[in-house]
Undergrad: 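Dropping a structure here in structure tokens format, bear with me for questions.
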Amino acid sequence: MSYELIEQNDKIIIKDIKNFEPKHIFECGQAFRWHVEDDGSYTIVAYGKILNIKKEGNDAVFSNTNKEDFKSIWYYYFDLHRDYDEIKKELSKDPILEKAIKFGEGMRILNQDEWEILISFITSANNMISRIKKSLNLLSEKYGEFIGEYRGNKYYSFPTANSLNKLSVEDIKECGLGFRAKYILSAANIVDRREMDIYAIKNMPTDDARKNLLIFPGVGPKVADCIMLFSMEKSDAFPIDVWVKRVMEYFYLEEDTKLKLIQEYGQEKFGELAGFAQQYLFYYARELGIGKKK
DNA sequence: ATCCAGGATCTCG
DNA sequence: CGAGATCCTGGA
């Protein structure tokens, strides 16, 4: 993919970018550490850096950064090497996906840090986005490193496995994590003691990667698929949360279909693009409240 | 006050 | 095995 890049002050601007809409990117359930500013821009913290991203007309404006960080971090983070026109073209052969894509046309799958995503999606179990965000921010504030202030808000790095492994279950519970606290502590322990190399899983085939992730307590099929999709470039993963279940049952299957069956159906139907299909469907279902009872 | 949203895990048949 | 109960917590 080639882009027209402009560098000015602390900004990098991509002119006439397609398939890029911060709202679609951040509000489709894949990331939690973002903050919407008054001007509609999104401030995010990832890989120890603070970035503000805003769509201005047809341009994407990356603020509080420089060309080096853009090239080494954000280009990959925002999946800018990938051709979303191709993905959309293929998925649009399905009439339902065609509609869903129109809705979230600017969605991209982010490439996030494996450790942070492991903890984030353990936190997501039986939880809702507003509280997940709150818990992860608290955890970072208390146990991460202060990075800096941006537009009046303070930002902290995500705590390392080593720093979480020093805590008690009670410490972690104080971040509003409830029954998930013990899972987070176990994960920190496993990763800190290198019983599992979380960064090696990405290099495994999807099925092996899934098996390895399921070893972590608090990680089940849905969470494992989220981790693979959002931090390990496993685009064939098809995480099924309540929203995807609803939208799949509503359009493709019937009510009360077993999760395993929906999973197989999705993998079969969308193949290597299942993860992208899942994201478009999730955003579509949530924005429209599709299949929600009452 | 009581109910509800949310996946993993535990328990029971 | 599969079905159903249980776990936390903030917001209505």
Undergrad: Quick one: A:Arg210 CZ to B:dG7 P, roughly how many Å, whole number?
TA: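 A:Arg210 atom CZ is separated from B:dG7 atom P by 17 Å.
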Undergrad: Does C:dG11 pair with anything, Watson-Crick or G-U wobble, both distances under 3.5 Å, and if so, with which nucleotide?
TA: B:dC3
Undergrad: Check each of A:Ile101, A:Ile290, A:Val247 against A:Leu281 using the side chain to side chain contact (heavy atoms under 4.5 Å, CB included) test, and report the only one that passes.
TA: A:Val247
Undergrad: Using whole Å, what does the distance between atom C1' of nucleotide C:dC7 and atom CZ of A:Phe179 come to?
TA: 5 Å
Undergrad: Can you tell me the distance, in whole Å, between the CZ atom of A:Arg131 and the C1' atom of C:dG10?
TA: 5 Å
Undergrad: Do A:Lys258 and A:Glu264 meet the salt-bridge criterion of a basic N to acidic O distance under 4.0 Å?
TA: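 Here A:Glu264 does not pair with A:Lys258 in a salt bridge, since their nearest N and O are not under 4.0 Å apart.
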Undergrad: Would you indicate which nucleotide in B:dA8, B:dT9, B:dG6 comes nearest to any side-chain atom of A:Tyr183?
TA: B:dT9
Undergrad: Between A:Lys173 and A:Lys258, who's closer to the 5' end of DNA chain C by nearest nucleotide?
TA: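 Per heavy-atom nearest nucleotide, the more 5' residue is A:Lys258.
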Undergrad: Starting from P on C:dT9, measure out to NZ on A:Lys133 and report it in whole angstrom.
TA: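 Rounding to the nearest Å, NZ of A:Lys133 and P of C:dT9 are 21 Å apart.
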Undergrad: Between A:Tyr84 and A:Asp79, is there a side-chain donor-acceptor contact under 3.5 Å, judged purely by atom types and distance?
TA: yes
Undergrad: Can you measure A:Met128 atom CE to B:dA5 atom C1' for me and round it to whole angstrom units?
TA: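 Distance check: A:Met128 CE to B:dA5 C1' gives 4 Å.
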Undergrad: Measure the distance from CG on A:Leu214 to P on B:dG7 and round it to the nearest whole Å.
TA: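 Rounded to the whole Å, the gap is 16 Å.
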Undergrad: Could you state the CZ-C1' distance from A:Arg180 to C:dC8, rounded to the nearest angstrom?
TA: 6 Å
Undergrad: Taking atom P of B:dC4 as reference, at what distance in whole Å does atom CG of A:Asn127 sit?
TA: 18 Å
Undergrad: Quick one: is A:Arg246 getting a side-chain N or O under 4.0 Å of the B:dG6 phosphate, OP1 or OP2?
TA: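 For A:Arg246, the contact criterion (side-chain N or O under 4.0 Å from OP1 or OP2 of B:dG6) is met.
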Undergrad: By ring pair (Phe, Tyr, Trp, His ring centres under 6.0 Å), which residues pair with A:Tyr252, not counting sequence neighbours?
TA: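 With sequence neighbours excluded, A:Tyr252 shows a ring pair (Phe, Tyr, Trp, His ring centres under 6.0 Å) to A:Tyr265, given in chain and number order.
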